[in-house]
Amino acid sequence: MNELPRPVVRPRRLRTTAALRRAVSETSVEPRQLVLPGFVREGASEPRPIGSMPGVVQHSRDSLRAAAAEAAGLGLGGIMLFGVPGTKDATGSGGIDPDGILNVAIRDVVAEVGDALPVMADLCLDEFTDHGHCGVLTPSGAVDNDATLDLYGQMAVAQAEAGVHLVGPSGMMDGQVAAIRSALDGAGHLDTAILAYGTKYASAFYGPFREAVDSSLQGDRRTYQQDPANAREGVRESLLDVEQGADLVMVKPALAYLDVIRQVRDAVPVPVAAYNISGEYAMVEAAAANGWIDRQAAILETLLSIRRAGADVVLTYWAAEAARWLRA
Ligand code: PBG
């Protein structure tokens with residue numbers, strides 16, 4: 001008796017037409033999942049290009065409002081604001097001052113978009129300190145964790161009074177989410193949410209961001225940001241933030257940490273964001289400018305990979321442009 005030939009298993013069958021590929025696709029990128037970071041420079045009357053991030057600018061107050069209105073029109077998931085102050089000091093007081101550039105920009109943007117776009121703000125001192133660290137320093141020059149918590153609480157309240165929907169603590173001080181939650185609650189801001197940069201690594205890929213915010217940092221942030229070797233510790237950090245009341249947690253950077261995004265997604269019950277950071281942006285832009293890769297395809301594949309790793313929300317400098325492609 002002849003045996004029947006064993007059929008060749010053909011996964012390619014599901015790839016034969018574009019419509020069929022679309023029907024069985026496992027992951028999508030949608031405008032609502034993308035958050036646009038925006039830099040605003042105190043005293044600027046025109047937007048100023050950032051050399052290492054072609055296509056990204058330090059906004060004037062007016063151009064930031066216009067960018068926020070466009071983001072709302074595109075149905076983005078939010079705008080994340082960063083301030084570039086005219087003067088800096090040892091304690092980063094410009095971040096807490098209600099008339100500081102970041103708090104002024106929050107008011108501007110909220111006046112522009114209302115509740116049509118979630119408005120988020122970086123909650124960290126590094127843009128406002130003359131030494132460039134994310135917290136205040138002890139006399140010997142170490143970053144003082146607990147003294148910094150008090151300032152983060154004040155900064156959170158200032159951002160909430162300006163109308164922000166979500167504060168984004170990114171300084172990696174221990175206990176920062178609990179301190180911020182209790183400061184917000186104590187001032188009656190029960191509905192202001194916390195998007196915690198829970199899992200954040202000391203990364204070389206932040207390089208272009210330091211130009212974007214005119215950072216004065218000497219040295220590195222390795223006593224507070226995490227060691228790139230540690231994934232388990234990354235999960236622990238986000239779990240601690242959830243325990244302290246984080247409403248969303250973030251993994252940052254994204255591309256060199258896709259495994260960490262997956263592990264955090266599987267470990268926490270809250271939405272997970274990932275930050276497709278400045279160096280990841282600059283690499284694609286530089287290669288595309290040289291004609292070495294297909295820019296649009298590389299950007300969409302990048303965003304898809306971060307979603308596939310498990311991010312519910314992606315912060316990306318391409319948010320508006322990608323949303324236009326996705327809606328077309
Ligand atoms: C800290 C902060 C940084 C970024 C976002 N928030 C820089 C750092 O930790 O050194 C980096 C974002 C990017 O590189 O795109 N306020």
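Indexing begins at 1, ligand by ligand and atom by atom, following the structure's order.
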- Item | Carboxylate-amine/guanidinium contact Arg221 Asp126, below 4.0 Å | yes
- Exam field: side chain Gln263 to backbone Val235, donor-acceptor pair closer than 3.5 Å: no
- Message: List ligand 1 atoms under 4.0 Å from Glu127, heavy atoms only on the residue side.
- Response: 16 (N)
- Side-chain heavy-atom pair Leu123, Gln176 within 4.5 angstrom cut-off: no
- Query: Which pairs, with at least one residue in residues 64-78 and sequence neighbours excluded, count as a side-chain hydrogen bond (donor to acceptor under 3.5 Å, both in side chains)?
  - Reply: Arg65-Glu112, Glu70-Arg324
- Query: Where is the tightest heavy-atom contact between Val313 and Val35, given as atom of each residue plus distance?
  - Reply: CG1-CG2, 3.6 Å
- Could you list which atoms of ligand 1 come closer than 4.0 Å to a heavy atom of Asp122? 6 (N), 16 (N)
- Item | Protein residue, atom and distance nearest to atom 4 (C) of ligand 1, heavy-atom basis | Lys252 NZ, 2.6 Å
- Item | Contact check, Gln225 vs ligand 1, heavy-atom distance below 4.0 Å | yes
- Query: Nearest protein heavy-atom contact for atom 12 (C) of ligand 1: which residue, which atom, what distance?
  - Reply: Phe209 CD1, 3.2 Å
- Message: I need the atoms of ligand 1 closer than 4.0 Å to a non-hydrogen atom of Phe82, numbered in the order shown.
- Response: 5 (C), 6 (N)
- Item | Audit row: Ser140, Thr138, side chain to side chain donor-acceptor pair (under 3.5 Å) steps and yes/no | CA-CA 5 Å; Ser140 65; Thr138 64; 3.1 Å; yes
- Message: Could you identify the single nearest non-hydrogen protein atom to atom 14 (O) of ligand 1 and state the distance to 0.1 Å?
- Response: Ser278 OG, 2.7 Å
- Numbered in order shown, the ligand 1 atoms found under 4.0 Å of a heavy atom of Tyr275 are 12 (C), 15 (O)
- Have a look at Met250, Lys200, Arg210 and point out the one with the heavy atom closest to atom 10 (O) of ligand 1. Arg210
- Measure Cys124 to ligand 1 on non-hydrogen atoms and call it side chain, backbone, both or neither using the 4.0 Å cut-off. side chain
- Message: Among all the protein's non-hydrogen atoms, which is closest to atom 8 (C) of ligand 1, and how far away is it?
- Response: Arg221 NE, 3.5 Å
- Query: Cut-off 3.5 Å, side chains only: do Asn276 and Glu280 have a donor facing an acceptor?
  - Reply: yes
- Task: List every atom of ligand 1 that sits less than 4.0 Å from any heavy atom of Asp126, numbering the atoms from 1 in the order shown and giving each element.
- Result: 1 (C), 16 (N)
- Specify the closest pair of heavy atoms between Asp185 and Leu190, including all atoms of both residues, with the distance to one decimal. OD1-CD2, 3.5 Å
- Item | ligand 1 atoms in contact with Tyr317 (distance to a heavy atom under 4.0 Å) | 12 (C), 13 (C), 15 (O)
- Would you please indicate if the ring centroids of Tyr257 and Tyr275 are separated by under 6.0 Å? no
- Could you say whether the N/O atoms of Tyr197 and ligand 1 ever approach to under 3.5 Å? no
